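Just so it is clear, the structure is predicted and the values come from calculations on it, not from any experiment. FYI, side chains are in, hydrogens and waters are out, and symmetry mates aren't considered; it's all heavy atoms of this structure.
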Amino acid sequence: LSGMDLPIKTQDEIHAFFDSSDKEFLGIVPQESEYTRSHVKYDYSFLKSPRYRSSVVRKIFGRISVKLQKIIGVDKSYNPENWSFVDGWTWFSITNAFAEYAVEQEELIKKIFSNAKAPDEMFLQTLAYNSEFRECLHDSRDLVNGSMRYIDWKRGTPYVFRKDDFKSLIGSPAMFARKFDERIDSDIIDMICEFFNHESKIV
């Protein structure tokens, strides 16, 4: 979860749901694309530069660096197992078994993703997709159902929920939702908190 996420089920419902499942809840795009492949194919070490996001000069230099690598034909990717590189969402819920597996792959993860672009959106998905845990993915066809997170990319990047979205949020089968921003609409945050405070008192 991030600071802009909220649960949209009670704690009892969330714990009961995950306790009853041995699946990996990763939002995943189940096919490799050239866009995704390019994130590990080229060196994006400039992204580590201080204040990169706020620096126009650094961003321009970064784009030039990647274009030069493409022209020269650089391919820095390390892919010993001929993996498919897939991506998805940064937000996830995984089993202890998969978490332990991921930790065991620390050195391999560093070697493949240390200078990649958006590695947080790739490394877990790629590990799962290229291992026995692929069979444990809850849903590799749908990002929302696959992660049990209600995130709306059709109306925004992602869309910030408002009070008019209350019914659709509460009625969603997802466990969590994002994103919320009190500067845009604090009412929806209050409505969800009040609703689940009331529900927990009833239980």
Hey, what do you get for CZ (Arg63) to CZ (Arg58), rounding to the nearest 0.5 Å? 14.0 Å

Fit a plane to each ring of Phe25 and Phe18, take the angle between them on a 0 to 90° scale, and name the class: parallel (under 30°), tilted (30 to 60°) or perpendicular (over 60°). perpendicular

Any donor-acceptor N/O pair, Lys9 side chain to Ser172 backbone, under 3.5 Å: yes

Measuring from Phe17:CZ to Asp19:CG, what's the distance to the nearest 0.5 Å? 11.0 Å

Decide yes or no for Tyr101 and Glu132: does some side-chain heavy atom of the first lie under 4.5 Å from some side-chain heavy atom of the second? no

Report the relative orientation of the aromatic rings in Phe61 and Phe46; use parallel for angles under 30°, tilted for 30 to 60°, perpendicular for over 60°. perpendicular

4.5 Å side-chain heavy-atom contact, Trp91 and Leu1: no

Parallel, tilted or perpendicular, judged at 30° and 60°: which one describes the rings of Phe180 and Phe161? tilted

dist Asp165:CG -> Arg155:CZ (nearest 0.5 Å) comes out at 4.5 Å

Close side-chain approach of Asp185 to Asp164, heavy-atom, < 4.5 Å: no

Joint hydrophobic cluster, Tyr129 plus Phe92, side-chain heavy atoms closer than 4.5 Å: yes

Rounded to the nearest 0.5 Å, what's the gap from CE on Met4 to CD1 on Ile184? Could you check? 7.0 Å

Please tell me if the side chains of Phe196 and Ile170 come closer than 4.5 Å, counting only heavy atoms from C-beta onward. yes

Go through the steps for Leu127 and Phe98 under the test side chain to side chain contact (heavy atoms under 4.5 Å, CB included), then give the verdict. CA-CA 9 Å; Leu127 282 178; Phe98 183 49; 4.2 Å; yes

Quick one: do Met191 and Leu6 end up in the same hydrophobic cluster if we chain Ile, Leu, Val, Met, Phe, Trp and Tyr together by side-chain heavy atoms under 4.5 Å apart? yes

Atom CG in Leu169, atom CG in Asp152: separation rounded to 0.5 Å? 9.5 Å

Ser45-Asp43 side chain donor-acceptor pair, cut-off 3.5 Å: yes

Residue among Val144, Leu124, Val29, Ile28 satisfying side-chain contact (heavy atoms from CB on, under 4.5 Å) with Trp89: Val144

Is it the case that the side chain of Glu24 and the backbone of Thr95 share a donor-acceptor pair, with hydrogens and angles ignored and the cut-off at 3.5 Å? yes

Shortest non-hydrogen contact between Glu13 and Thr10, atoms and distance: OE1-N, 2.9 Å

For Gly27 and Ser147, which heavy atoms make the closest approach, and how far apart are they? N-CB, 3.5 Å

Grouping I, L, V, M, F, W and Y whenever their side-chain heavy atoms are under 4.5 Å apart, do Met122 and Leu143 come out in a common cluster? no

Does a salt bridge link Glu106 with Lys110, judged by any charged N lying under 4.0 Å from a carboxylate O? yes

Residue pair Pro7 / Ile14: nearest heavy atoms and the distance that separates them: CB-CD1, 3.8 Å

What I want to find out is whether Asp181 reaches Arg183 closely enough, with some N-O distance under 4.0 Å, to be called a salt bridge. yes

Rounded to the nearest 0.5 Å, what separates atom OG in Ser84 from atom CZ in Arg134? 7.0 Å

For Lys179 and Val160: C-alpha separation, side-chain torsions, deciding distance, then whether side chain to side chain contact (heavy atoms under 4.5 Å, CB included) applies. CA-CA 5 Å; Lys179 83 185 195 185; Val160 177; 3.8 Å; yes

Describe, in one word, how the ring planes of Phe113 and Phe85 are oriented to each other, choosing from parallel (under 30°), tilted (30 to 60°) and perpendicular (over 60°). perpendicular

Would you please test Lys163 and Asp190 for side chain to side chain contact (heavy atoms under 4.5 Å, CB included) and show each step? CA-CA 9 Å; Lys163 62 182 180 180; Asp190 294 337; over 6 Å; no

Looking only at heavy atoms, what is the nearest atom pair of Leu47 and Ala116, with distance? CD1-O, 4.2 Å

Side chain to side chain, Gln69 and Lys41, heavy atoms closer than 4.5 Å: no

Considering non-hydrogen atoms only, spot the tightest contact between Ile8 and Ala174 and give its length. CG1-O, 3.4 Å

Below 4.5 Å, heavy atoms only, C-beta onward: do His39 and Asp87 meet side chain to side chain? no

Please determine whether residues Phe133 and Val86 belong to a single hydrophobic cluster, defined as Ile, Leu, Val, Met, Phe, Trp and Tyr linked transitively by side-chain heavy-atom distances below 4.5 Å. yes

For the backbone of Ser2 and the side chain of Asp5, can you confirm whether one donor and one acceptor N or O come within less than 3.5 Å of each other? yes

Is the backbone of Lys111 close enough, under 3.5 Å, to the side chain of Ser114 for a donor and an acceptor to pair up by distance? no

Cut-off 3.5 Å, side chains only: do Arg149 and Ser93 have a donor facing an acceptor? yes

Same cluster for Val56 and Ile64 if Ile/Leu/Val/Met/Phe/Trp/Tyr side chains link at under 4.5 Å? yes

Count the heavy atoms belonging to other residues, nucleotides or ligands that lie under 6.0 Å from CZ of Arg141, then report whether that count exceeds 12. no

Would you say the side chain of Thr36 lies within less than 4.5 Å of the side chain of Glu121, judging by non-hydrogen atoms? no

Taking everything shown except Lys76 itself, do over 12 heavy atoms lie less than 6.0 Å from its NZ? yes

Side chains of Tyr150 and Ser168: closer than 4.5 Å at any heavy-atom pair? yes

